[in-house]
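Small disclaimer: the values here were computed from a predicted structure and weren't measured.
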Amino acid sequence: MTSANEFRILILEDAPDDVALINRELHRGGLEFVSSHVESRGEFLSQLEQFQPDLILADHALPAFDGFAALELAKGLRPDVPFIFVTGSMGEEVAIDTMKKGASDYVLKTRLANLVPAVVRALRERDERKKRLEAEASMRQSELRFRALIENSMDAIALLDPRGCLLYASPSTTRILGYPISDAMGRNAFALMHPEDRKKTRELFRHCLQQPGGGIRAQYRYRHQNRSWVWLEALGTNLLQEPGVQAFVANFRDITERKQTEVRLQLHASLEAAIAEFSKIVLVGIDPALLMDDAVELVAGTLRADHAAVFELLSDGSAFRLSSGSGWKNNLVGLATVNAGPDSPPGSAVLTNAAVVADDLPSETRLHWPLWMREHSVVSSACVPIKGRDRPFGVLSVHASQRRAWSEDELYFLEAVAYRLAAALERRKAQEEIARLNAQLEARVLERTAELKEAYHEMEAFSYSISHDLRAPLRHIGGFVELLQEESGAILPEQSRGYLRIIADATQHMGKLIDDLLELSRASCAEINKARVSLADLVASVQRALEMETRGRQIQWIIGKLPDVRGDPGLLRQVFMNLISNALKYTRPRRHACIEIGCSLSQDETIVSVRDNGVGFDMQHAGKLFGVFQRLHGSSEFEGTGIGLANVRRIIGRHGGRVWAEARVDEGATFFFSLPNIDRL
């Protein structure tokens with residue numbers, strides 16, 4: 001195994017003593033090496049492969065394999081390995097021949113002192129040759145890479161002399177500008193530059209020529225071979241003083257698409273700003289005629305068009321009238337018309353409900369504008385419909401006096417203005433309709449109010465009639481029945497006394513019915529005075545008022561936590577009075593009555609329940625509960641007029657709530673009512 005500093009020497013020699021002398025001389029010279037000794041051709045070839053020598057020392061003349069044959073093999077198999085002849089004698093011609101055939105040197109065995117310098121020199125030359133070859137290979141690779149980079153780059157490179165004439169152009173130049181490179185050589189680079197950009201770019205070039213190594217950046221338009229203008233962006237560097245270059249180097253690329261995008265973005269931004277400004281005008285709600293004038297002025301100015309117009313569709317749909325315009329003769333606006341057929345651009349726009357574009361009207365055979373428009377030299381136009389909810393209002397159009405292709409952004413802008421104009425016209429139409437309906441509604445409200453007032457007066461008269469006219473006969477009947485019982489009760493037969501009791505009971509029932517009807521009427525018509533009400537206080541007040549009915553009975557009261565609500569205290573007390581009275585009435589058959597009053601809260605409402613363990617009812621008849629004069633139990637079982645629950649429903653309904661009930665026969669009943677939560681009122 002060799003060390004890092006050792007090198008390998010293959011010695012071709014048939015005299016072992018000479019091999020020993022060679023090794024000793026090399027060691028004396030301070031060289032670190034390992035050597036391998038061979039004598040035949042086969043051994044020599046094997047060691048070339050296995051030993052991989054760094055140096056070959058060979059005798060000139062061997063019996064079966066001479067040095068020249070070994071040199072030829074070594075140069076074929078190991079061309080980078082130095083080959084030195086170490087021989088006993090060599091004539092001048094032979095020595096010259098060895099050097100011509102590729103030997104690094106030769107040393108006579110009689111002068112072995114020259115061996116170490118020859119070895120050192122051969123190894124140094126080998127290393128230098130190796131480095132030079134590596135450098136040359138690296139340079140060739142770099143050159144290939146550079147050429148590949150230049151020839152396949154999307155950008156182009158040009159070399160200019162101080163006058164600006166072309167010395168070199170990369171292949172991308174043809175792709176970008178269309179000119180064959182051979183045609184471009186020697187031309188002045190500024191000759192095909194756009195006149196508006198030439199002066200400024202030339203000044204930058206001259207300024208850079210005064211600064212060796214300096215650079216400039218420029219954007220300019222350049223004439224393409226197809227006669228169009230191409231936008232280029234160039235980065236130039238002054239390398240005229242560099243020996244390997246001696247030129248002004250310009251790297252440039254095609255930025256036409258980017259420039260077009262910038263122009264589109266600028267146009268789009270200006271169009272969006274114009275739309276926003278028009279939207280503000282629309283929101284102000286100015287007169288539609290003034291708004292149309294603003295619209296056409298905005299369209300003409302933003303799109304840099306010669307004319308703009310709003311063509312309003314006449315009510316009979318036969319034609320469009322020029323209602324507003326920009327750039328037209330004054331006597332045309334308000335008078336000029338265009339037919340509404342499919343052969344006119346406005347008619348086609350309305351019929352197809354889409355934009356109609358004409359880039360070159362003189363050559364157009366499908367669509368035609370009237371003669372008065374041709375007198376304004378209109379060549380190109382675009383129309384978009386102004387869409388109403390029920391029927392189109394007309395079209396918004398723009399016109400140019402030269403051939404022009406209208407872009408998608410421009411058509412979008414035109415449609416956006418038309419949309420906002422339609423919205424404003426529709427809003428004005430809706431406002432007029434609302435005003436008309438409001439006038440009708442106001443008349444109907446006045447009429448209805450008068451009817452309600454009349455009905456209210458009739459109700460008051462009816463209530464007065466019930467309260468006075470009906471009560472008076474009842475009082476008379478009751479009074480005379482009582483007198484008859486007192487004066488003649490003893491002499492009347494039992495059957496007659498029974499008739500008098502029936503008349504007296506019927507009179508009392510009729511009075512109670514009249515009272516309940518008056519109470520129902522007041523609940524329906526009385527003004528509600530809402531305030532914060534404690535449900536707990538109302539329940540306690542009703543309990544105290546019903547002490548006479550509860551005296552002597554075993555009643556369990558379960559009163560839950562009841563919140564405050566907002567409502568009319570008197571009317572809500574009446575609700576509890578009716579519900580608790582019903583609970584007491586229908587638990588009368590129970591030995592131990594239980595009445596439970598509770599409350600629950602939902603997101604929107606407060607729900608109050610009154611539960612009892614009374615006789616209950618069949619849920620099939622629950623729909624009758626809250627109707628006037630509706631009863632689920634006979635009057636012989638439980639007294640009542642059938643108005644109390646109807647009164648509850650009416651009071652709760654006027655408070656914005658609802659009522660319902662759940663029950664089972666002989667298992668009790670629960671009545672519920674709800675009120676809006678206090679924080680929602």
Original post:
Checking side chain to side chain contact (heavy atoms under 4.5 Å, CB included) for the pair R253/R258: CA distance, chi angles, key distance, verdict?
Top reply: CA-CA 11 Å; R253 64 179 60 180; R258 190 178 83 191; 5.5 Å; no
Give a yes or no answer on whether the side chain of [X] reaches the backbone of [Y] with a donor-acceptor pair at less than 3.5 Å.
{"X": "D306", "Y": "V378", "answer": "no"}
{"X": "T174", "Y": "Y179", "answer": "yes"}
{"X": "T302", "Y": "L298", "answer": "yes"}
{"X": "D564", "Y": "R532", "answer": "no"}
{"X": "N353", "Y": "P385", "answer": "no"}
{"X": "S344", "Y": "N339", "answer": "yes"}
{"X": "S380", "Y": "Q402", "answer": "yes"}
{"X": "R198", "Y": "M193", "answer": "yes"}

Please list, chain by chain and in numerical order, all residues satisfying ring-ring contact (aromatic ring centres under 6.0 Å, His included) with [X], sequence neighbours excluded.
{"X": "F673", "result": "F576"}
{"X": "F278", "result": "none"}
{"X": "W369", "result": "F311, H399"}
{"X": "H307", "result": "W328, H376"}

**OP:** List the steps, then state whether side chain to side chain contact (heavy atoms under 4.5 Å, CB included) holds for D568 with R654.
**Re:** CA-CA 10 Å; D568 187 297; R654 294 189 68 192; over 6 Å; no
**OP:** Would you sort out whether V299 and F413 count as a side chain to side chain contact (heavy atoms under 4.5 Å, CB included), showing the intermediate values?
**Re:** CA-CA 8 Å; V299 168; F413 168 73; 4.2 Å; yes
**OP:** Please identify each residue that fulfils side chain to side chain contact (heavy atoms under 4.5 Å, CB included) with E196, with sequence neighbours left out.
**Re:**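 Expected list: H194, R221.
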Subject >> CD (E442) with more than 12 external heavy atoms under 6.0 Å >> reply: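 No.
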**OP:** Look at atom CZ of R391 and say whether more than 12 heavy atoms of other residues, nucleotides or ligands are closer to it than 6.0 Å.
**Re:**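 Above 12, so yes.
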Subject >> Y222-F252 aromatic ring centre distance below 6.0 Å >> reply: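 Y222 vs F252: aromatic centres not under 6.0 Å.
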Subject >> salt bridge (charged side-chain N to carboxylate O under 4.0 Å, His left out) partners for K200, two or more places apart >> reply: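 Once residues adjacent in sequence are excluded, K200 has no partner under the salt bridge (charged side-chain N to carboxylate O under 4.0 Å, His left out) criterion.
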**OP:** Kindly compute the distance separating CD1 (I176) from CG (D254), expressed to the nearest 0.5 Å.
**Re:**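 Rounded to the nearest 0.5 Å, the CD1-CG separation comes to 6.0 Å.
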